Number of protein chains: 4
Amino acid sequence: MGAKGRRLPRAVREQQMLDAAVTTFGQRGYRAASMDEIAEAAGVSKPLVYLYLNSKDDLFGACVRREAEALVGAVRAAVEDGPPDRQLWSGLRGFFAHAAGSPDGWAVLYLHARTHGEPFARDFVAMREEIVTYVTRLIAEAARASDCEPKPDEREVSGLAHALVGAAESLAGWMNCGARDGAPSAKEAAGLLMNFAWAGLDNLMQGRPWSPTR
Amino acid sequence: MGAKGRRLPRAVREQQMLDAAVTTFGQRGYRAASMDEIAEAAGVSKPLVYLYLNSKDDLFGACVRREAEALVGAVRAAVEDGPPDRQLWSGLRGFFAHAAGSPDGWAVLYLHARTHGEPFARDFVAMREEIVTYVTRLIAEAARASDCEPKPDEREVSGLAHALVGAAESLAGWMNCGARDGAPSAKEAAGLLMNFAWAGLDNLMQGRPWSPTR
Amino acid sequence: MGAKGRRLPRAVREQQMLDAAVTTFGQRGYRAASMDEIAEAAGVSKPLVYLYLNSKDDLFGACVRREAEALVGAVRAAVEDGPPDRQLWSGLRGFFAHAAGSPDGWAVLYLHARTHGEPFARDFVAMREEIVTYVTRLIAEAARASDCEPKPDEREVSGLAHALVGAAESLAGWMNCGARDGAPSAKEAAGLLMNFAWAGLDNLMQGRPWSPTR
Amino acid sequence: MGAKGRRLPRAVREQQMLDAAVTTFGQRGYRAASMDEIAEAAGVSKPLVYLYLNSKDDLFGACVRREAEALVGAVRAAVEDGPPDRQLWSGLRGFFAHAAGSPDGWAVLYLHARTHGEPFARDFVAMREEIVTYVTRLIAEAARASDCEPKPDEREVSGLAHALVGAAESLAGWMNCGARDGAPSAKEAAGLLMNFAWAGLDNLMQGRPWSPTR
DNA sequence: TATGAATGAGCTTTCATTCAT
DNA sequence: CATGAATGAAAGCTCATTCAT
């Protein structure tokens, strides 16, 4: 394979392999991705991938965990780096930016880990739960800060968080999943979601839910 | 396989095969589903599957098209069968009911066709577009009927339709994808979505969008 | 693979495969024998071997069972076909003749099944036990017929059977295992063994065992 | 790894490697034993094994030769250390004691070298021949010492030696090969074999062979 | 001297696909 | 119409072996 960076320390090679694996798994899916392809994309031979990462399952698991941590970390960092009175908005932007910035990682999590059964789906659900919990806290803080009355019930806030996260994921999927027509940028997606949701959240928090009978 | 259902007319046999294929593809995914498994599930021999449906790809394509038409048809039928002043609500209920009623078909479309690359992803996107367009029309009619001022701009309505459909898909995925915690029924999902979204749509249509600066 | 007997019924193909597998396993051992080699020796493609016989382990197991039955059957048949007053001699000749006639089957049992661990070693031990039990009965009958006094104790007879069988196996191994110098024919081996052992057996049965002190 | 026994003289290292190799080859067989496993068992790195012993084949060959010499040596030493009028008995006891004391070495010779084809089977046969020749001499001397008449013919003595050695090997195999039922100790095995064989040898040497016709 | 890094080649197994009947 | 028989091609994984330090 030529003189391309041979004989590197293990940690470096492992990252190369994970990068290649995320790309390949993200684009092809677990089954369709072959270890040959991943090894070639990483610029190493297949046995080395097995030596360092054990098996296709272990490799996929490592990808899932790495990407899950990266996504959660991106949201947290965005919130912490943004203005304290706009945490939800910052978090959403961070979420969309990360999703747009690493579409393969996003696909690994939301398209493949989710559908590939037990060890992985569990990791995925855990990550999702972590985000939802975090968003629940952000919403609750926003509600407290805005002094809305009556104080929204905790269960309700959690439901809103689920819905909000679900909507964000859906938009991110639209963004990433190869839609050719007017797919929005990360910033537009965040705006659209706030537009779509905020008044609803707001009204709900005022105790005025929409109901089928009006 | 003895005398079990032999010599059926071609159309019937084909439906059996498609049923079996949708179930198998839906549960296992494209790659993990084997033609052996599908043929056995359909109660026919493998060569017959090839005789009628040509190849694994063609078979999958037929599944995707059949399920896409079924989903779009279910939404349309629900709207047409419902009260004329609640078309959106009826459509959503139809959407969720269909998704809940044929989870394998849903999985074929949203989990597998979407991720399996070109001929199928295109079919999927076309179906999605059809739904979004249809929803756009429903929203526009609702707006016209409610005489809101100023008339919402067309591009905006389309964005809302995308968001609404995306949110609905996300909820349907939650419903179907083996979520252990409180996954909602089809009816609850529709209510939740209207609750979440309607006030937002309403406000937007009154010309009062949320904006990052307040 | 040319026109060599294609499209044969399953039972026939299975025997071809077992034949080839016994040859290959016998000559190379379990690990060194490759499924490619076996398939080629059988004149079929590898997938057909898997279709009919499932896995390398199952194939090996089938070989072991077939050869075990063949060996036991050969001994039994030789005894039944021989003169009723020379059953042990007939049985030994049958044993050596079978071992010499199918050295690969013999190697599968005595060289490979025996050393390849649990499911197979158990089958091997069961077969060996069957032979030892049978020989025990033959010896007991011979003793009864010859009216020897004192009647040999049952446990002693069983020990003699073990020793006799062991010696026979050892001679058969010598016969089969590629020894180039004066390896005996089946008939010679039987004679040698009787020569070697009979007087000993005889004396023992007369209650005059050899002892270290004279 | 670390500071565990580094910088040992070459001869010591080589013995460690051979010890580990004999253990591993004996328990797993040639093919199933991996160089990784052997290197780890020896507490050294794999390249060092190659540096000292060249290749897997060479390593196996070294094991075979070492164990063959050890076995022959054990028999010779037992004979020389025992009473001059019981050489055969001493030799047998030495044989069984050695086999029981180093079962892995025994397995390397009798289970694996014997079945692994040419360079090794030749070494094995050479060793066996050496033992048989030695035993032939012992028997001949015993016959001379006991003044039996007529002098047994040389070829006959050689055949007896083969049979005796074969029986001993068979018993040793029974002893070592994980037999669950009443496998004998080394001493019992020697007694059993003498019991079984001596009267036969004795009679033969008196010129009274057993013959098929009575 | 001794080793971490790396690979070519081969093995078992699976699967979409096609004949011949 | 319908199927049992058969295979080419590829995938996951392992292992003996060699560099570069």
Side-chain angles (χ1 to χ4, degrees), chain A residues 1 5-10 12-14 31-39 43-59, chain B residues 1 5-10 13 31-39 43-52 54-59, chain C residues 1 5-10 12-14 31-39 43-59, chain D residues 1-2 5-10 13 30-39 43-52 54-59:
Chain A
M1 307 259 155
R6 278 174 159 233
R7 220 50 60 153
L8 296 180
R10 172 166 183 155
V12 175
R13 278 284 193 239
E14 263 188 31
R31 290 287 301 235
S34 85
M35 292 299 269
D36 272 301
E37 200 180 355
I38 292 171
V44 298
S45 70
K46 219 183 348 171
L48 200 58
V49 180
Y50 279 91
L51 186 61
Y52 286 175
L53 286 136
N54 251 350
S55 74
K56 197 184 186 185
D57 263 40
D58 283 5
L59 175 56
Chain B
M1 309 274 151
R6 275 163 154 250
R7 295 290 146 159
L8 294 180
R10 170 161 184 151
R13 278 272 197 247
R31 290 286 301 235
S34 82
M35 293 299 268
D36 273 299
E37 199 178 356
I38 292 170
V44 299
S45 71
K46 226 181 344 173
L48 199 59
V49 179
Y50 279 88
L51 186 62
Y52 283 180
N54 231 10
S55 76
K56 196 184 187 184
D57 266 37
D58 284 3
L59 175 55
Chain C
M1 306 263 157
R6 278 173 158 238
R7 221 50 58 156
L8 296 180
R10 172 164 182 155
V12 176
R13 279 283 193 238
E14 264 187 31
R31 292 284 304 235
S34 86
M35 292 299 268
D36 271 300
E37 199 179 355
I38 292 170
V44 299
S45 72
K46 221 182 348 170
L48 201 58
V49 180
Y50 279 90
L51 187 60
Y52 285 175
L53 285 138
N54 251 351
S55 73
K56 197 184 185 184
D57 263 41
D58 283 5
L59 175 56
Chain D
M1 315 279 153
R6 274 161 156 252
R7 296 289 148 158
L8 294 181
R10 171 161 185 153
R13 279 272 197 249
Y30 179 85
R31 291 287 300 235
S34 80
M35 293 299 269
D36 273 298
E37 201 178 354
I38 292 171
V44 301
S45 71
K46 226 181 342 172
L48 199 58
V49 180
Y50 279 89
L51 187 61
Y52 282 1
N54 233 8
S55 76
K56 197 186 186 183
D57 265 37
D58 284 3
L59 174 56

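What you are looking at is a predicted structure, and each value in this text was computed from that prediction instead of being measured. We name chains A, B, ... by the order of the sequence lines, and we start the count at 1 in each one.
Scanning all heavy atoms of the two residues, the minimum distance from B:Ser45 to B:Ala39 falls at C-CB, 4.1 Å. Of all heavy-atom pairs spanning A:Asp58 and A:Leu53, the tightest one is CB-O, 3.2 Å. When all heavy atoms of A:Arg31 and A:Lys56 are compared, the closest pair comes out as O-NZ, 3.5 Å.
Residue contacts for C:Ala33: at a heavy-atom cut-off of 4.0 Å it reaches the sugar-phosphate backbone alone, with no base atom in range.
Taking atom OH of residue A:Tyr50 and atom C1' of nucleotide E:dC11, one finds them 13 Å apart after rounding to whole Å. The distance between atom CG of D:Leu51 and atom C1' of E:dG4, rounded to the nearest whole Å, is 16 Å. Atom P of nucleotide F:dC15 and atom CD of D:Glu37 are separated by 9 Å, given to the nearest angstrom. Note: CG (B:Asp36) to C1' (F:dA5) measures 13 Å, nearest angstrom. Spacing between atom CD of A:Glu14 and atom P of E:dA6 amounts to 11 Å, rounded to whole angstrom units. Put simply, CZ on C:Arg7 is 5 Å from C1' on F:dA5, counting in whole angstrom units. The nearest whole Å value for the distance from the NZ atom in C:Lys56 to the C1' atom in E:dT13 is 12 Å. Counting to the nearest Å, the P atom of E:dA20 and the CZ atom of C:Arg10 are 21 Å from each other.
When each of E:dA2, E:dT14, F:dC1 is scored by its nearest atom to the side-chain atoms of D:Ser45, the top-ranked nucleotide is E:dA2. Across E:dA16, E:dA2, E:dG4, the shortest atom-to-atom separation from the side chain of D:Pro47 is found for E:dG4.
For the pair D:Arg10 and D:Tyr52, the cation sits on the ring face: its NZ or CZ lies under 6.0 Å from the ring centre, inside 45° of the axis.
D:Tyr50 is listed as a side-chain neighbour of D:Met35, based on a closest heavy-atom distance under 4.5 Å.
Each of C:Met35 and B:Ser55 has a nearest nucleotide on DNA chain E; the 5'-most of these lies closest to C:Met35. Mapped onto DNA chain F by nearest heavy atom, C:Tyr52 and A:Lys46 fall at different nucleotides, with C:Tyr52 at the one closer to the 5' end. For the pair D:Arg31 and B:Arg31, both in contact range of DNA chain E, the more 5′-proximal nearest nucleotide belongs to D:Arg31.
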**Study point:** Bracket string, DNA chain E, 5' to 3' - pairs by Watson-Crick or G-U geometry under 3.5 Å, | interstrand
**Key:** .||||||||||||||||||||
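Summarising the geometry, atom CD1 belonging to D:Ile38 is positioned 11.0 Å from atom NZ belonging to D:Lys46; distances are rounded to the nearest 0.5 Å.
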